[in-house]
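Have a look at the structure below before the remarks.
Naming convention: chains lettered A, B, ... in sequence-line order (proteins, then strands); numbering from 1 in each chain.
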Amino acid sequence: MPTSLSPNLAPDKQREMLRQMLTIRRFEERASADYNAGKIYGVVHCYIGEEATAVGVCTALGRGDRIISTHRGHGHCIAKGADLNRMMAELYGRQTGYCKGKGGSMHIADFGIGMLGANGIVAGGISIITGAGLAAQMEGKGGVAVSFFGDGASNAGPFHECLNIAATWKLPMLYVCENNLHAAQTSAAQTHALPDVAGRAAGYGIPGIVVDGNDVFAVYQAANAAVDRARSGGGPTLIECKTYRQRAHTERKGQADPRDKAEVDAWMRKDPIALLERRLREQGELDDAGLQSIEGDIMAALEAAIAFAEASPFPLPEHATDDVFSA
Amino acid sequence: MPTSLSPNLAPDKQREMLRQMLTIRRFEERASADYNAGKIYGVVHCYIGEEATAVGVCTALGRGDRIISTHRGHGHCIAKGADLNRMMAELYGRQTGYCKGKGGSMHIADFGIGMLGANGIVAGGISIITGAGLAAQMEGKGGVAVSFFGDGASNAGPFHECLNIAATWKLPMLYVCENNLHAAQTSAAQTHALPDVAGRAAGYGIPGIVVDGNDVFAVYQAANAAVDRARSGGGPTLIECKTYRQRAHTERKGQADPRDKAEVDAWMRKDPIALLERRLREQGELDDAGLQSIEGDIMAALEAAIAFAEASPFPLPEHATDDVFSA
Amino acid sequence: MRELTYNEAALEAIAEEMRRDPKIFYMSTDALPPLLKEFGPQRIRATPITEAALTGMAIGAAGCGFRPIVDWRQVTFCFVAMDQIVNQAAKIHYMFGGQVNFPILYRAAVGGGGLVAAQHSQSPYSMFMNVAGLKMFLPSTPHDMKGLLKTAIRDNNPVISFESSRLMARKGPVPEDDYTIPFGVADIKREGDDVTVVALAWLVHEALAAAEELAKEGVSVEIVDPRTLVPLDTETIRNSVQKTGRLVIADEAGPTAGFSAEVAALVTEDAATFAALKAPVKRVCALQVPIPYSPVLENHVFPDRGRITAGIREVLRGRRSEAA
Amino acid sequence: MRELTYNEAALEAIAEEMRRDPKIFYMSTDALPPLLKEFGPQRIRATPITEAALTGMAIGAAGCGFRPIVDWRQVTFCFVAMDQIVNQAAKIHYMFGGQVNFPILYRAAVGGGGLVAAQHSQSPYSMFMNVAGLKMFLPSTPHDMKGLLKTAIRDNNPVISFESSRLMARKGPVPEDDYTIPFGVADIKREGDDVTVVALAWLVHEALAAAEELAKEGVSVEIVDPRTLVPLDTETIRNSVQKTGRLVIADEAGPTAGFSAEVAALVTEDAATFAALKAPVKRVCALQVPIPYSPVLENHVFPDRGRITAGIREVLRGRRSEAA
Ligand SMILES: Cc1ncc(C[n+]2csc(CCOP(=O)(O)OP(=O)(O)O)c2C)c(N)n1
Ligand SMILES: Cc1ncc(C[n+]2csc(CCOP(=O)(O)OP(=O)(O)O)c2C)c(N)n1
Ligand SMILES: [Mg+2]
Ligand SMILES: [Mg+2]
């Protein structure tokens, strides 16, 4: 894995990456707490530990570009610019949420900002976003589409079908595999013939790149190159980000986490936020005050989101029959 | 593509390969005629032109090994040793057919000889035979399982899912892609990012081999090596046989065949039976009399099969409700 | 009026809509030659044999403002795409709180008669009816095909066009003008007083033939063709049964938990219709088996005018016994 | 008798059968720890997330003499495997003329109540009932779970075990001995004279609660739990309705072309049962919508004891009007 140079990005932009990564983390820490407090329902999958991947990729995108996510979607939403209020209200099951309380954590979407949704089905989003890639190609405005998916999803049929179609039709796409080495209770070592998913790209004649998914600059650089390639008609790229989830598969208390303790610890030491913070400090772009200010802004936004959610009404029971069909 | 040496096979065995290939061809010529005469129903897909692939692979197998086929299944049946009488009776829709008249051309199976069935769904057989590969591994008797499928099928999800599982679990399998350059009315060039399907094997860490699918010895040698590897616990191999169907996608009269005339002609000149015949003659293993005797045997067997089918009763209407469930 | 086949009527509807709206494009494992010729390979896309991918791609493209058509061809081939249909297309509008529309047309040929055995002879529309969030129809005539298909293409939801294999070559009058047929409106294909036959697709024609025969005996049969399966025109069905008091349901699919069961339930759970019912309801369906290949067997499995006639006679004989 | 949870009863049945028959093995995207511990990773296989492959592999392994169990976990995840289910598992025995058996057990958790939204809250068993060639059941108690699961594992056909998510932790008495419950035999969970409730899984318990309440008012409710969906015990259902003359069907799934429609059809098409029917049939089902996340919405969508009670009252009021 190449270690990244500091990218050709203005310091403000670099701090913005930190802000986004921290926002994801704080948002999820709160979501987890509120889930265990019974204010958020169903199931919550945290992205904590993987923030560099979503932020690195989305920094390379424009507002008109589109992404799709997985069951582990908060990070992608925030990195693409989703509104924390409406996200939190959705988790709280309120009428003001992104999905009017119909979706919850696994289904947050904001088509207005090109976030085509979290998805509860492993590999379920890959074909949908490939359709968005086709749409971008047909629109002819240089847009790209990004599929985020896990190592687990990379073994499923749609991965293969879509890579082949995207490669054949030269769709402007990034396939971003977030290889966190595990899929629920199984390890990638158990379920993959080879450790690198990126090696599969060659079978379709497209680039397959492995990057350190915890190094936001490395992710950004790989994504940036792939976006350039896609915009200029070069077709799709498969980017495999090696990363790790710092928490169990879901936030449900008492669930099994069969991962090796030493492995978890080693990855905790590679925390993507700590890494970025260190680099910014080394570059002289960040000091304690700067960090505090970022943290303060985030906490204020988060409190505002919670307040918004708490103050929002639940949907009315009758709303359950709305939106089955569009007019 | 490596050109094959004459394999380490007794002359009798080599003539047996010719006999099998010719049997497939004569069987299908007759099936096509009888289909157009209204004696065979539904749809018939001919394997004519691709005989070297089925015969080359099946020559490397033992009776205890298992194969699965596609919608284009007669060749695989015959190469694995199926009974012509029961095949023809099935095409004729008779009670004595392999499926008691319930299956027809697209569903001939003979589990007794390890032929797990033709299948009407593109890529539909791949996972089934992978289960047979798992069974063979669990049985621990050195059996192997072979998945025959087309270039079209190689773009479908089950191909990818099963290759990964077979590679990860080191299942004793051969995945044999019959790349006849077309899938119904589309060309492989239109639907594949790269011309070689075999290149996808590397993504799973297994060998991917391209052979001349019209050269029965080349196919046999590749299959033989893969069978050895599989039997000795080395795991699966992907073998891509470049071949060509000499006829339209199905035997239905008047259907479109958008293939390039020059391409068709070029492949007609590479006819696998003519090639084998020439080599056997060159080696002094075959002369006119020998060929006539083979042809004579085949025609006799075929006439017997037709007679058997014609003499066999149709099922009774009430039989339609048998066999939905087994006791 | 000029006549077109059922299949021609479908192609005409699609071509007219594609001329009208540049956002429409078509994906299928085979490019239909007349459409390809007119609209070219960018809008009429021949694809790899990956119905799962196509079905999902349509959702994404629709969410980005296009109006994709995916032709699964045989309904059989859509089962590889069932996740995209059931978990994605049907639910995505609802799950996301209605924030964007997904105008998609899926096409699927259904039914038997071709002697192509179990995998290629299916009529599973009831499975899709059971899923909330999909609209669907199944026309019986070229006229209905064209009008319903146009409605479907203009609809802002995923719609499945089930198309009867047996009717593809059947001709019928089709107006040249740009007409549409609203969803959820059944068509009374024949009026009558003694018994209602609710029939789908090919069985509408078989029912008409049966009615013709029975008319000679003085039996007056009303034939209701629902045309759209979702939304279903419950009212027309119930009204007809309230008038006749007797109901036969004719469907080329098997009965179990099928369209025919739904219609039986709809009449039985409605007080006024139930009150009007003079005899047990009768389902005239395919036998509940996979479809066999041999003609003797296939013929035995499918309902036809003979079985409809027998079914009608049975419900005419039946009545509410004293037991009640 | 000792008590087990519904989930424990399932695991006990599987473990006992696996001890008895070495040909049984288990595949799932997650290896269940207690089974893994006892039987090891060769027989309890954790797999990639490829339900399509697993479902098909089970067919091949079964055809070679094994008796595979594939745990889809949530029923939702089996839609990616629908081709293998509908086109292969259901048809392969028939299509091949019965030459070999395919003993396979597929497991799938169904239902709502977990606030996990549309994709993870489904009850689509009716879709599978519509497909000829699959057996399936849906138990309401730990006792029935164990007995039916054993029957399923010993059956020589593909069988789907639908298992109610809501009941997983529910306890009940389970005999320690090796008993089986035959397919196609409904269980009368409560005897009564005034009205029949045919209920599934969780709604059996809701119906029992409703019956208890109504008993105080002197209403005698009979509760029939079909247990097996295919084959369905038509006779017990019809006999009960012939006795009571009134029918409510309670199902956590939506009504359209569903199990509830099938039951309504079964009583309406049978002369004796139809004759005995004193009132319109009532379906008490989920609303026909994808299942929403927010508790307010989810609660509104699902039927419960309150709606069953209301349904019973409605059919008790209803009667054959003079119109007939
Ligand atoms: C088709 C399907 N099968 C099973 C599941 C259950 N499931 C939810 S998340 C998950 C693991 C996904 O692993 P991966 O793709 O690596 O993503 P990660 O959770 O590691 O981010 C599984 C098995 C599912 N949602 N969809
Ligand atoms: C899932 C699915 N989609 C579409 C079809 C229709 N179909 C039958 S054969 C065929 C082409 C198959 O091509 P290939 O796999 O290359 O095999 P070949 O016919 O060339 O031997 C198609 C598209 C099908 N049977 N199954
Ligand atoms: Mg993972
Ligand atoms: Mg081909």
Side-chain angles (χ1 to χ4, degrees), chain A residues 66 68 86 90 95 97-104 106-112 114 116-121 123-139 143 145 147 156-158 160-166 168-169 171 315 319-327, chain C residues 22-23 25 27 41-43 45-68 70 80-84 86-104 131-135 155-159 183-184 230-231:
Chain A
R66 299 177 180 115
I68 211 161
R86 295 183 66 197
E90 186 58 34
Q95 178 64 18
Y98 264 120
C99 311
K100 301 183 193 159
K102 292 202 167 92
M106 274 192 293
H107 303 297
I108 299 179
D110 183 353
F111 279 69
L116 271 51
N119 204 304
I121 307 299
I126 302 181
S127 60
I128 299 175
I129 193 70
T130 301
L134 175 59
Q137 187 183 63
M138 294 191 298
E139 285 162 355
S147 183
H160 166 68
E161 297 190 357
C162 290
L163 255 74
N164 180 57
I165 291 177
T168 307
W169 292 358
L171 299 184
H319 289 156
T321 50
D322 296 344
D323 297 324
V324 179
F325 293 115
S326 142
Chain C
K23 289 289 186 190
F25 70 100
M27 295 193 284
Q42 292 301 312
R43 292 186 70 195
R45 292 180 170 257
T47 71
I49 307 168
T50 54
E51 290 84 356
L54 305 183
T55 302
M57 287 171 69
I59 300 170
C64 296
F66 285 86
R67 304 185 79 86
V70 175
V80 299
M82 205 67 166
D83 174 61
Q84 284 75 15
V86 172
N87 287 329
Q88 313 294 347
K91 298 182 173 43
I92 201 165
H93 179 72
Y94 185 85
M95 241 163 35
F96 292 164
Q99 64 180 274
V100 69
N101 294 337
F102 297 94
I104 309 169
V131 179
L134 299 168
K135 296 187 183 181
D155 195 284
N156 280 328
N157 297 282
V159 179
F183 283 174
V230 177

Practice problem: Report yes or no: does A:Lys102 contribute a side-chain atom to a donor-acceptor pair with the main-chain N or O of C:Gly97 at less than 3.5 Å? | Solution: no

Residue part contacting chain A, namely of [X], when any heavy atom lies under 4.5 Å:
| X | value |
| --- | --- |
| C:Asn156 | both |
| C:Phe96 | both |
| C:Arg45 | side chain |

Which of the residues [options] is involved in the greatest number of heavy-atom pairs with chain A at under 4.5 angstrom?
| options | answer |
| --- | --- |
| C:Asn101, C:Leu134, C:Thr50, C:Thr47 | C:Thr50 |
| C:Ala61, C:Pro103, C:Pro158 | C:Ala61 |
| C:Gly65, C:Cys64, C:Gly98 | C:Cys64 |

Self-check item: Among the listed options A:Val324, A:Ile129, A:Asp323, A:Leu116, the residue most often paired with chain C at heavy-atom distances under 4.5 Å
Solution: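 So the answer, after comparing A:Val324, A:Ile129, A:Asp323, A:Leu116, is A:Asp323.
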
Could you tell me which portion of [X] (side chain, backbone, both or neither) has an atom closer than 4.5 angstrom to a non-hydrogen atom of chain C?
| X | result |
| --- | --- |
| A:Ala136 | neither |
| A:Ala145 | neither |
| A:Ala123 | neither |

Which heavy atom of [X] sits nearest to which heavy atom of [Y], and what is that distance?
| X | Y | result |
| --- | --- | --- |
| C:Gln88 | A:Gly124 | NE2-CA, 3.7 Å |
| C:Gln99 | A:Tyr98 | NE2-O, 3.5 Å |
| A:Asp322 | C:Tyr94 | O-CE1, 3.1 Å |
| C:Ala53 | A:Ile165 | CB-CD1, 3.8 Å |

Quiz item: For A:Phe325, which residues count as a ring-ring contact (aromatic ring centres under 6.0 Å, His included) partner, sequence neighbours excluded?
Solution: none

